[in-house]
J.: 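Before I ask anything, let me first share the structure, which is written out below as structure tokens.
Only this structure's heavy atoms are used, side chains among them; waters, hydrogens and symmetry mates stay out. Numbers restart at 1 for each chain; the letters A, B, ... are given by sequence-line order, proteins then strands. Just so we're clear, the structure is a prediction, and the values are computed from it rather than from any experiment.
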Amino acid sequence: MADLPIKSEISGNVWKILKAPGDAVAEEETVMILESMKMEIPVMAPRDGVVASITVAEGDAVAEDQLVATLKG
Amino acid sequence: MFNKVLVANRGAVAARVVRALRLLGVRSVAVYSEADAAADYVAAADEAYAIGPAPARDSYLNQDRLLEVAAQCGADALHPGYGFLSENAGFARRVEAAGLVFIGPSPRWIEAMGEKTAARALMAKHGMPMAAGSGLLGAEPAEVAAAAARIGYPVLIKPAAGGGGIGMLAAADETALLAAVERSRAMASRSFSNAQVYLEKLMERPRHVEFQMLGDRHGNVRHLFERDCSVQRRHQKVIEEAPAPGVGKAPAMAAEAAAILAQLGYDNIGTVEMLLGADGQFSFLEMNTRLQVEHAVTEMVTGVDLVAAMVRVAAGETLDTVLPAEISVQGHAIEARVYAEDPVRFLPSPGPLNRFRPPAESAALRVETGYREGMAVTPHYDPLLAKVIAHAPTRDGAIAQLSEALAGFEVQGIKTNIAFIQRVLGSEAFRAGAVHTGLATELK
């Protein structure tokens, strides 16, 4: 099964990355926190799983719908 | 009066302050980050200085750079606008130490109202009505639980150094309380570098009613009536109006609050925020020691230029020369805050303003914006795109006029909350004046 993409819902900056590849996550657990317009917006795991990759770094600018992480398939 | 004032802010409020200064015959100095070089407020000011890269901490929050510009341009006063450094007592002190007048209340007032439990204690001591609450919570779970039990559930956990609704969490019982206190502390620590939190009684569907105050440096304080700002999302205001619909005793409460502040010696602009319970009781929430975003609502119904007034009292004029002898409320004004955000999930939506056509201004319709077609809304600053304020003889008339103006507000390239505002304005509850702080979420 292909890895499951996790995308950013907003345009903003990556403020803090909380999980690394290999970490187990539960559904709705925060993988990273984005910051946009004075708001912190969590990026959450869509289901239970293991992080396969983090495709951005702290401080990076991200666009809406941009891939920011993947979960192992 | 001052010769030259540095406006330490950006966008709509910077433009508003520059306009007031021009009216007073005072030279204005704008500052701008790399993201704002082409903004209208920069061109509108008499002088302008670049202060750094787009992120606020490198520009609008960079105290050293702002003070450097103040010295360089020879300003004799600084207006902080709202947000950024407007409620930073340390910065206000540095401005004064540099020999400039800080246009706002004295630093001791910013400090006294900045820590919420101390502000509550001070106000309660002087007779301000207050809902049950705690002092700063200690680390012991048993102590936290005891404080909540004394107040009675449900309770609201609030950061003591907070603002903007960040870290405010409700708890209905002890289990929820302890977990929520931990989360609130973590959020407060991150956002305000201060993990202290306290408890307040959570009111069910209260209204947010606030009172506009103006003091001078000579011991006088007067009020300019109330505003109802109950329509909020994520504890941030979306629609504000004056007068508050159906609150006959608001003027009496405003007079009482002004008397308390006069007794204390409050000395510039400020807003006393209160909750109005279903039982008709007011309770003190907090005091904002700065110009409010929604000041225009009060300006429309009273005819008083609040920004010019706060500059004049900061320059030493007395209230009786700045304000008319009798202030009354004429008609009804409603303001809508148009945000760059998804209208359903309320998520930020920065991007290019491919099309940006605000409604035309008139005597009865005011539009305040820091944006223009072709500019971009960046993720660096708050999501406020524009404020649209309608003024009419009646509340129904103001609703109709605001709704019509928003219908003609064209924005393309980003998402806005205009559809959401229209839904609120058209709702039966809003039309009936049955507003409360949960209304926006119910209509989402």
J.: What part of A:Leu34 lies closer than 4.5 angstrom to a heavy atom of chain B: side chain, backbone, both or neither?
T.: neither
J.: I need the residue from B:Glu341, B:Arg345, B:His380 with the largest number of non-hydrogen atom pairs under 4.5 Å to chain A.
T.: B:Arg345
J.: Would you sort out whether B:Phe346 and B:Phe420 count as a ring pair (Phe, Tyr, Trp, His ring centres under 6.0 Å), showing the intermediate values?
T.: CA-CA 10 Å; B:Phe346 300 145; B:Phe420 169 73; 5.1 Å; yes
J.: Hey, do the aromatic rings of B:Tyr381 and B:Tyr60 have their centres closer than 6.0 Å?
T.: yes
J.: Does the side-chain contact (heavy atoms from CB on, under 4.5 Å) test come out yes or no for B:Thr416 and B:Leu385, once each step is laid out?
T.: CA-CA 9 Å; B:Thr416 77; B:Leu385 263 187; 3.8 Å; yes
J.: With a 4.5 angstrom heavy-atom cut-off, is it the side chain or the backbone of B:Ala340 that approaches chain A, or both, or neither?
T.: both
J.: Can the ring centres of B:Tyr41 and B:Tyr32 be said to be less than 6.0 Å apart?
T.: no
